[in-house]
Amino acid sequence: MRQKEHPIALVDCNNFYASCERVFNTKLRNVPIVVLSNNDGMIIARSNEAKALGIKMGEPLFKVKDIVKKYGVQVYSSNYVLYGDMSSRVMNCISQFSPDIEIYSIDEAFLNLKGFENRNLEQYGAELRATVRQWVGLPVSIGIAKTKTLAKLANHIAKKDPKFNGVLNIYYEDDIDEFLKRVEVSDVWGIGRQYTKLLNNHNIRSAYDFIQLGDNWIKKKMTIMGLRTAMELRGIPCISLESVPAPKKAIVSSRSFSKLSSNKQDIKEAVAFFVSIAAQKLRKQRSNAGILTVFLRTNPFKDSPQYHNGVLMQFPLPTDSTSEMISYAMKGIEQIFREGYQYQKVGVMLAGIIPRNRNQYILFDRPDREQMDKISDIMDKINKEMGAWTISYAAAGTKRDWMTRADLKSPRYTTNWNELLKV
DNA sequence: TCTGGGGTCCTAGGACCC
DNA sequence: TCTGGGGTCCTAGGACCC
């Protein structure tokens with residue numbers, strides 16, 4: 001017999017980036033706010049007031065300029081240092097409520113509430129919500145159910161319907177059909193644009209409609225992933241809680257230029273810069289990478305000549321050395337760079353990632369391997385203590401005028417002494 | 001003028017092997 | 001003038017997530 005399902009909670013910050021901006025600026029109460037992607041290109045977060053004005057997620061800023069002007073929408077560049085710090089405050093706070101927590105994204109966490117079955121779960125959720133509000137200043141919504149997908153669904157309803165005061169528990173309900181009927185299939189976790197189109201074509205509109213479909217049909221059209229989603233909606237857990245984050249299998253670092261460039265030197269600097277970031281992440285999780293991919297592309301939204309290309313290179317032995325990676329990346333750029341194009345974006349990806357065991361290969365490898373390890377360690381330490389990019393490879397440049405634009409950034413209120421909130 | 005960045009998993013199909 | 005069957009590994013592409 002199946003083990004009895006225990007309650008799972010999903011805690012999710014409302015309009016996270018927009019709410020973070022609001023915490024430190026009282027003038028932003030009840031005002032429409034949007035937060036922009038890197039390069040200030042498109043809208044990636046909106047306060048409720050901005051949503052009400054019809055501003056859509058992912059819309060380019062220039063398309064809503066009129067609305068912004070007319071209604072005095074407050075516009076911010078994204079400030080990841082601030083959001084990252086606010087996120088860890090929220091997570092610390094949530095952790096007080098359950099020892100078993102999976103941090104799912106910057107603004108969401110699943111909690112295992114095993115052993116809490118006999119408590120009043122609504123009240124527990126309400127307490128959690130009030131505590132985050134008080135300690136960190138951010139509004140959160142909470143859904144509690146038997147599976148992750150149902151917790152997501154409950155959370156979604158809690159966020160939309162003010163009647164629930166931000167907390168909806170459907171764990172005890174024997175009959176959750178009413179809840180499944182009020183959620184559109186496109187709002188189900190795991191069902192995106194393509195599957196929504198497919199399902200709508202078959203006249204499936206709600207989460208409830210979806211789970212009436214036969215397993216074979218679902219599996220055939222939506223792979224095992226779709227079937228898993230259906231099972232979860234039927235209250236059968238298929239997706240477990242991962243309290244220890246798995247090491248990354250791929251590490252990507254890339255960014256759009258502030259303006260297009262056809263200059264090979266710029267491109268090379270940018271690539272070296274991205275390699276440095278990726279390699280640091282790799283060392284942080286104590287892994288080595290066997291494969292480096294370098295890619296570049298022109299702006300696909302422009303009419304100008306298009307070119308995009310990438311090259312995959314294998315290291316003789318898996319490595320975590322920035323300098324070794326840079327030298328390969330430079331060779332890669334030489335291979336794929338073409339004169340005469342306006343490049344918009346370059347980047348690198350590390351793959352073939354395995355746990356690090358630095359000493360393992362020394363016998364078979366270049367004698368300078370140990371030296372490289374020492375250099376990496378020292379550089380990481382200096383940058384950690386004295387600030388990012390205190391020390392870096394010359395190849396990564398110093399001017400970096402190709403760097404991303406962020407003209408509308410709020411101060412780093414919580415992490416930088418010079419930008420503390422003045423009272 | 002102006003459209004992000006960083007991940008995951010699954011499947012089909014090709015290369016290759018015996 | 002006929003052309004198996006079964007297995008593994010890898011990659012590209014497509015779907016999804018935030």
Side-chain angles (χ1 to χ4, degrees), chain A residues 10 12-13 15-17 34-45 55-66 68 75-80 83-84 87 102-110 148-149 152 155-156 185-199 218-229 232 238-239 242 245-260 270 274 277-278 281-282 285 290-291 293 295 297-304 310 312 314 342 344-353 403-408:
Chain A
L10 175 68
D12 186 325
C13 299
N15 315 325
F16 182 57
Y17 297 167
V34 297
V35 178
L36 304 176
S37 62
N38 269 318
N39 235 14
D40 293 347
M42 65 189 210
I43 287 153
I44 56 167
I55 297 174
K56 293 200 192 66
M57 183 74 170
E59 215 165 4
L61 178 63
F62 70 86
K63 285 194 180 167
V64 295
K65 269 280 192 267
D66 291 345
V68 166
V75 180
Y76 285 90
S77 303
S78 42
N79 184 344
Y80 288 105
Y83 309 149
S87 173
E102 174 189 346
I103 297 175
Y104 177 67
S105 76
I106 193 165
D107 70 335
E108 277 172 84
F110 289 102
K148 280 182 159 182
T149 307
K152 274 270 195 186
N155 186 291
H156 177 82
V185 76
S186 59
D187 289 326
V188 170
W189 190 44
I191 297 183
R193 282 238 303 284
Q194 300 306 314
Y195 287 152
T196 297
K197 216 188 289 173
L198 170 79
L199 292 166
I218 297 176
K219 192 175 170 196
K220 204 170 121 200
K221 301 274 192 181
M222 302 170 68
T223 82
I224 190 82
M225 303 292 277
L227 186 53
R228 200 173 293 169
T229 298
E232 285 247 322
C238 300
I239 307 171
E242 312 284 345
K248 303 266 177 276
K249 295 175 177 173
I251 295 174
V252 175
S253 178
S254 86
R255 230 142 291 172
S256 301
F257 293 150
S258 53
K259 53 179 194 275
L260 303 181
F274 297 137
I277 292 175
K281 282 191 194 166
L282 185 73
Q285 71 165 30
I291 290 166
T293 302
F295 55 89
R297 69 161 162 81
T298 49
N299 184 346
F301 291 101
K302 280 208 154 188
D303 278 338
S304 47
L312 183 151
Q314 187 145 25
Q342 295 284 309
Q344 188 226 11
K345 185 174 186 172
V346 305
V348 302
M349 177 163 89
L350 299 176
I353 292 177
M403 266 296 243
T404 294
R405 190 169 50 221
D407 296 334
L408 310 161

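Just so you know, these numbers use all the heavy atoms, side chains as well, and skip hydrogens, waters and symmetry mates. Residue numbers start from 1 in every chain, and the chains themselves are labelled A, B, ... in the order their sequence lines are given, proteins ahead of strands. Everything numeric in this text was worked out from a predicted model, so none of it was measured.
Counting 5' to 3', DNA chain B first comes under 4.0 angstrom of a heavy atom of chain A and last does so at the ends given by B:dC2 to B:dT11.
Atom CG of A:Leu227 is separated from atom CD1 of A:Ile218 by 6.0 Å, given to the nearest 0.5 angstrom. Considering NZ of A:Lys221 and CG of A:Leu198, their distance stands at 6.0 Å, rounded to 0.5 Å. For the atom pair CD1 (A:Ile277) and CG (A:Leu282), the distance works out to 13.5 Å, reported to the nearest 0.5 Å. Put simply, CG on A:Asn39 and OG on A:Ser78 are 9.5 Å apart, with the number rounded to the nearest 0.5 Å. Atom NZ of A:Lys281 is separated from atom OG of A:Ser253 by 6.0 Å, given to the nearest 0.5 angstrom.
Residue A:Asn39 is the one, among A:Pro247 and A:Asn39, whose nearest nucleotide of DNA chain B lies closer to the 5' end (criterion: closest heavy atom).
Contact annotation for A:Lys345: backbone-only contact, meaning every heavy-atom pair under 4.0 Å involves sugar-phosphate atoms and none involves a base. No contact: A:Glu59 has no heavy atom under 4.0 Å from any strand. Using a 4.0 Å heavy-atom criterion, one finds that A:Val35 contacts no nucleic acid atom at all. Residue contacts for A:Ile251: at a heavy-atom cut-off of 4.0 Å it reaches the sugar-phosphate backbone alone, with no base atom in range. Within the 4.0 angstrom heavy-atom criterion, no nucleotide atom of any strand lies near A:Arg405. Residue A:Ser78 is classed as having no contact, given no heavy-atom separation below 4.0 Å to the nucleic acid. A:Lys281 comes within contact range of the sugar-phosphate backbone alone, with a heavy-atom separation under 4.0 Å but no base atom that close. Counting any heavy atom pair closer than 4.0 Å across all strands shown, A:Ile224 reaches sugar-phosphate atoms only and no base atom. A:Lys221 comes within 4.0 angstrom of nothing in the nucleic acid, heavy atoms only. Within the 4.0 angstrom heavy-atom criterion, base atoms lie near A:Met42. Nucleic acid contact class of A:Lys302 (heavy atoms, under 4.0 Å, all strands): sugar-phosphate only. Here A:Ile191 lies in heavy-atom contact (under 4.0 Å) with sugar-phosphate atoms only. Residue contacts for A:Asp107: at a heavy-atom cut-off of 4.0 Å it reaches the sugar-phosphate backbone alone, with no base atom in range.
With respect to A:Lys148 and A:Glu242, no salt bridge is recorded, no charged nitrogen being found less than 4.0 Å from a carboxylate O.
Taking the six-membered ring wherever Trp is involved, the centroid distance between the rings of A:Tyr80 and A:Tyr17 falls below 6.0 Å. Ring to ring, A:Trp189 and A:Phe110 are close: their centroids are under 6.0 angstrom apart.
When all heavy atoms are compared, the tightest approach of A:Lys345 to A:Arg255 is CG-O, 3.5 Å.
C:dC17 and B:dT3: their P atoms are spaced 25 Å apart (whole Å).
Inspection of the A:Ser105 and A:Glu108 side chains reveals an N or O donor paired with an N or O acceptor under 3.5 Å.
Helical stems of DNA chain B (runs of at least 3 Watson-Crick or G-U pairs, donor-acceptor distances under 3.5 Å) are listed by first residue: B:5-18 with C:5-18.
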